[in-house]
Amino acid sequence: MSKRTSKKKQWTRVDGRAFNQLRDVKIECGVLPNADGSAYIEMGRNKIICGVFGPREMHPKHMAKPNEAVLKCRYHMAPFSVDPRRSPAPSRRDQEITMVMRSALEPAVFLERYPRAGIDVYVEVLQADGGTRCASINAASVALVDAGIPMKDLVSACATGKIDDKVILDLGDYEDKKGQSDLPVAYMPKLDKITLLQMDGIMTTKEVEEAIKLGIEGCKQIYEIQREALKKKYGIDKTKSEETAPQEPVAEEKKEEKQDE
Amino acid sequence: MSKRTSKKKQWTRVDGRAFNQLRDVKIECGVLPNADGSAYIEMGRNKIICGVFGPREMHPKHMAKPNEAVLKCRYHMAPFSVDPRRSPAPSRRDQEITMVMRSALEPAVFLERYPRAGIDVYVEVLQADGGTRCASINAASVALVDAGIPMKDLVSACATGKIDDKVILDLGDYEDKKGQSDLPVAYMPKLDKITLLQMDGIMTTKEVEEAIKLGIEGCKQIYEIQREALKKKYGIDKTKSEETAPQEPVAEEKKEEKQDE
Amino acid sequence: MSKRTSKKKQWTRVDGRAFNQLRDVKIECGVLPNADGSAYIEMGRNKIICGVFGPREMHPKHMAKPNEAVLKCRYHMAPFSVDPRRSPAPSRRDQEITMVMRSALEPAVFLERYPRAGIDVYVEVLQADGGTRCASINAASVALVDAGIPMKDLVSACATGKIDDKVILDLGDYEDKKGQSDLPVAYMPKLDKITLLQMDGIMTTKEVEEAIKLGIEGCKQIYEIQREALKKKYGIDKTKSEETAPQEPVAEEKKEEKQDE
Amino acid sequence: MSKSNVVSHLKQKKINEVLSTGKRMDGRGLEEFRPLVINSGLLAKSEGSAEVWLGKTHLMVGVKVGTGTPFEDTPDEGVLMTNAEFTPIAHPSWEPGPPNEDSIELARVVDRGLRSAEILDTNELNIISGKLVHIVYVDFYILNYDGNLIDACGAGAIAALLKAQKPVYEIKKGEPVLTDKKVPLTIRKKPIPISIVKIGDNFILDPTADEEEVMDVRLTVTLDENGNLCTMQKSGSAGLTMDEIKKCINMAQAKAPEIRAKVVESTQ
Amino acid sequence: MSKSNVVSHLKQKKINEVLSTGKRMDGRGLEEFRPLVINSGLLAKSEGSAEVWLGKTHLMVGVKVGTGTPFEDTPDEGVLMTNAEFTPIAHPSWEPGPPNEDSIELARVVDRGLRSAEILDTNELNIISGKLVHIVYVDFYILNYDGNLIDACGAGAIAALLKAQKPVYEIKKGEPVLTDKKVPLTIRKKPIPISIVKIGDNFILDPTADEEEVMDVRLTVTLDENGNLCTMQKSGSAGLTMDEIKKCINMAQAKAPEIRAKVVESTQ
Amino acid sequence: MSKSNVVSHLKQKKINEVLSTGKRMDGRGLEEFRPLVINSGLLAKSEGSAEVWLGKTHLMVGVKVGTGTPFEDTPDEGVLMTNAEFTPIAHPSWEPGPPNEDSIELARVVDRGLRSAEILDTNELNIISGKLVHIVYVDFYILNYDGNLIDACGAGAIAALLKAQKPVYEIKKGEPVLTDKKVPLTIRKKPIPISIVKIGDNFILDPTADEEEVMDVRLTVTLDENGNLCTMQKSGSAGLTMDEIKKCINMAQAKAPEIRAKVVESTQ
């Protein structure tokens, strides 16, 4: 660790990225014909697909809430997404990620508009390359908009971490494993709120603050990519405003019609 | 395989049967006092018992169908039925056999006469000797009649297979394991319809046709044994006709009384 | 076994107790703020805690009985209660103990006073030292009273066993493992009824009778300790009578208020 | 086995009335068993087997002898495993699925009787110390339920084990080699469980399903051929006095030799 | 796939009407497949993979090559394991959870086709006799369901296996040592399943979800490149005559080479 | 922990009113903990143990040291396993059964704190490379739930581990032999989790069950004795600003040494 300063100049990342550079991110929305909303994301070598169903009747019924919709999430990995092959049964890690993903998305959704309903957000990881939870949140956020769910903001997520005592953005699989710490962040850019924050490994308070700030910068870049993906499907904003987040009234009308069926 | 013709003359089966000869088949009906209908079959060394319950209230209720009864099946093997001992938990093979058994029996049952009801067909394999799915269908078919369920026809089943490039009837356990292919058939003789058809192993189209025809011949023999078993319990047909399948009006009356209780 | 008579004089127990002497027993009641009733017992090195909930709505509803409450029990061991660590999933032994515990407590409870209700008795073994089922029943009995459930009598339990052909009271872990037989007894002293009786190992009829009588003596001692524990929480008996079992009318009133809420 | 409904209440009343005359619904005396028929050895693919009828109660017992690693604390001892399955054909109310409380109690009580009697010589089941031992599985498979499963299974277990054989392994260069030979298992005891059921003031043996439904309490007493007790198990939601327990033990003592004789006879 | 409700009944009526004109709801001919697109090898972390679209049916096939101990009775043979997962994103009515009856049938039918054709040389998958063998996992992952999963998965399995590689082990002093090398799996056959569905009096290929919902019966016929049958599987609640079965086999014989050609093409 | 019903809504209103006065329902200051009492080493049959009371929250921590085979990629390292059980005695609404989402999060957050701090020297837990290692199980057993389980379990884990011992193995002729000796585990760090809960505009420490029921968001910060962060975990259905996060970290920094001191004191 004493080599920190001396090594600074020649320090490079395994894939040649700058410390504050994201991996390539590609998002496509509306990829699942049977889902109400969907999105596919590639973030580095991560390949993740998300389908959203709802608002629909809550199942099981006794879990419904009288004054708001329940956002049900499920983070799941394909057996062939990792090496060696994994069992399709959910692990404790999967269940924890399911929880934090829900907690990252809930603040962005107008749940109170659909009392007694359920909204299902299902994430399937087809290939994992470090930072799957952040990539999943990015896809889920776009899929929710695609499903016409009224949102307060998009949720954008990416991880930061520390390697060789240096705080860097968006660790890939290889960096993840040799990193000193890992700090995933989800962020709502318009509302300026952090909705996911986890950390493992040893960091000083200063490093944590640095890492969160770096993470927020990353999230802002992802936010633009998410907006582009939505624009690509739904066309240029009528308002020509900065806003690519869902036009709520329209989305709501769409939903109400749906419920009238 | 080039030896096919030269070997034809001296070819014999391990148990001395002719190529188109069934193993000994013994069926007894009404063996379970607590079941609405039941049958026990020995087919070679197979020992299988089947109990039928219903028509009765469908459980769980939400699985009931508004315009017909649901035929629920379960194929299950005793831990001591095979060597080495097997776990009592159902395997994927068991679940597949459950499916094809249901699909083999459904065409023969007047399900539309009992809307919202459930009919349970439970098969328990006490000793397995090759061809358990066919033996199970034979027992189940008799047990359904014994339960007074109105039937369009009996379902009779037996397997054919290929050994030493020769198509033969009703493979026993030993033949099953060294056979080149296995082709179980279930057949409704009066209606001339095949209700179960599976095949594994390599066969030409011609061999498949030959095998199915041979299977149908076997089914017709089993049909007579099934009829005898029913006659033995229920006495000689009043109609003196060929028909030993259930006299539907009687069977229905019996059922209606039952439901009035 | 031929040494029985000759060894009688110098025979001693591993912890120096007399043949008819209990291990130290300590019972405290009302230890769980969230439970309707609770008790903690130390019996030798056994450390067991019991919580009672109810009478409350039966869950699942279809298990409710129209003319009495259902007494649901659960005997459960902490992973760290034994050596080596055990899985938290219930074993067949746990399920058997659950059954006999319920069967030991039921005769003492006025179940008919709470039709359709459920009463949950949950036992958690924190440290096991032989005789956990008896210690659990002792705690559960006190916890039921603490919950205000009207009782016909307290249930007191302890095991007897045979070591070196000698019948002794309240076997500890070490004795349990080298003993020739084990005979747990639960007993209602006022009603003079045995509500739990199990035995394993070889015993003559005479030895069994001797063992049951010795067990009853042990139960009577435990009964006093249970009464003391209840007195300590609820103060001296107003009636100054022998009875420390619950004052039923009071207990019932308390319950009725509860149900009116 | 709940007594909660009206039908059950009427059944209880009727059964008690008949019992008070010293007879049973089916005409039996209070301590009389239904016909017990045991066919042993009829399953060719099991190392031992018995088919048991006790009145309309009908079940199969299968004994399979496999191999496995011994428990760490008993490296030289084979293992006995007992399991009961309540098949859905045995009773209209029995659902398919994992073992329930009743089937666990059934297996446990019979199992404890076999273990207490040390019926098998577990050292004889050793193949290679610490590495490979025989595992003897005794599986009960209930085909029709009409009460008194413990006694029927207990009797069937002895019959099936008496006929059971184990394959012989030879050790060549430290490795086990399976031979074609089979030798009978050594059966050291013949423990027989007898269940006594109390209904009202009456004590009866071999209860039917109806009698079990309305019973107050049951005591199962397992006895070996020396008249010693191997296991006891009380169940049901009532208590018993000391005198009642003595009475039950005496009833079991009187009946066990008769059942044991039938078991032995069936295997000859 | 119940036909119990009114909507389904109307759908059935409509589909039958259109079929009687010799066409399908989507304009296809009765024996015409929807566009089949296969991208193989796109998952870098799997030893083999294929993404399959068949119309709106969309799925991934992942092949992973791991190691394990062989089965006792085949100590020199590697193992092929097939599994299908119906993800909840694939259809609004599919719940997350353990495999259901349909996903088990799907995996079983494809698996039986691969096995019957002896697609892999299991001896080639041996590493150390009796101790270590390769295990080849073929996992189907359904992303969007619009019917005919068996044919789509069957085609995808061949594509994924054709591109799959296995890591090479060297044996040093009797111990296996993993090297950096990878070699392709030997694929000995290319069995292709073709499912024929009967609706009313019409036989069609490549059914959509709507067509499967109202079908009377389905026959799946798996064929190898010699035109031999490897597997058949009838499902659905109706029967078939001998002539109908012959017709189905002929339809499958006619279609399989076209599908096989697309699979092979996709891997080049 | 749903806020959906009327009772809960009134509770929320009431709690907010009191918080706005700078106090809590039970009279505590916003950053004040309830009394923390830890009894360590009281379970004689565990290798380490601690009983923890935090107000009415009551739990046991048991440390067991067993053995097992190491993971393939870390053949020289022992294993730490953490598990939390929510017993049905701890709260009227807790049902018996397999671990739920909350108990998984509890175990995971504490576990990640211990791992990040590299609390155990996993190489010290090696017995025979690639074959046998110590496995250290830390089990949390919740006996009464009144909020703030993470902090209570985190403190209890350190107390139990500080007192824990592992049995000593000697290697004789390449085989491990268990001796009578026991030596303490080397505990390299003392990470302490502090959970900050936001209700309305107020940030509080050590929330009760009622406060957790109405909370907007929780941030758990685990700190080692150097003031470095080992783990963070945000949960709850609201977001936090950067400034709020800084505030939370500061609150945790200020409180952790006090809790750590109590833990250490309890083990002396």
(message) I'd like to verify something: which residue of D:Gly239, D:Cys230, D:Ala117 has the highest number of heavy-atom pairs under 4.5 Å with chain C?
(response) D:Cys230

(request) Give the member of D:Gln253, D:Met242, D:Glu244 that has the highest number of heavy-atom pairs under 4.5 Å with chain C. (result) D:Met242

(message) Tell me whether D:Asp210 is salt-bridged to D:Lys11, with the criterion being a basic N under 4.0 Å from an acidic carboxylate O.
(response) yes

(request) Identify whether the distance between the nearest side-chain nitrogen and carboxylate oxygen of C:Arg102 and D:Glu101 falls below 4.0 Å. (result) yes

Please state whether the side chain, the backbone, both or neither of [X] comes within less than 4.5 Å of a heavy atom of chain D.
| X | value |
| --- | --- |
| C:Asp192 | backbone |
| C:Arg93 | both |
| C:Leu196 | backbone |
| C:Leu111 | neither |

Part of [X] within contact of chain C (heavy atom distance under 4.5 Å):
| X | value |
| --- | --- |
| D:Leu223 | neither |
| D:Leu229 | both |
| D:Ile104 | side chain |
| D:Asp111 | neither |
| D:Asp224 | side chain |

(request) Give the minimum heavy-atom separation between C:Leu169 and C:Leu214, together with the two atoms involved. (result) CD1-O, 3.5 Å

Take atom [atom1] of [X] as the centre, draw a 6.0 Å sphere, and report whether it contains more than 12 heavy atoms from other residues, nucleotides or ligands.
| X | atom1 | result |
| --- | --- | --- |
| D:Glu95 | CD | yes |
| D:Asn226 | CG | yes |
| D:Glu118 | CD | no |

(message) Looking only at heavy atoms and a cut-off of under 4.5 Å, which of C:Met99, C:Met199, C:Lys213, C:Glu106 has the most pairs with chain D?
(response) C:Met199

(message) Let's test your reading of the structure: which of C:Ile216, C:Ile194, C:Thr195 forms the most heavy-atom pairs below 4.5 Å with chain D?
(response) C:Ile194

(request) May I ask you to decide if the ring planes of D:Tyr145 and D:His91 are parallel, tilted or perpendicular, using 30° and 60° as cut-offs? (result) perpendicular

(message) On the six-membered ring of C:Phe19, is C:Lys166 placed so that its NZ or CZ lies under 6.0 angstrom from the centre and within 45° of the ring axis?
(response) yes

(message) Testing C:Gln226, C:Lys220, C:Glu224 one by one against C:Ser156 for a side-chain hydrogen bond (donor to acceptor under 3.5 Å, both in side chains), which residue passes?
(response) C:Gln226

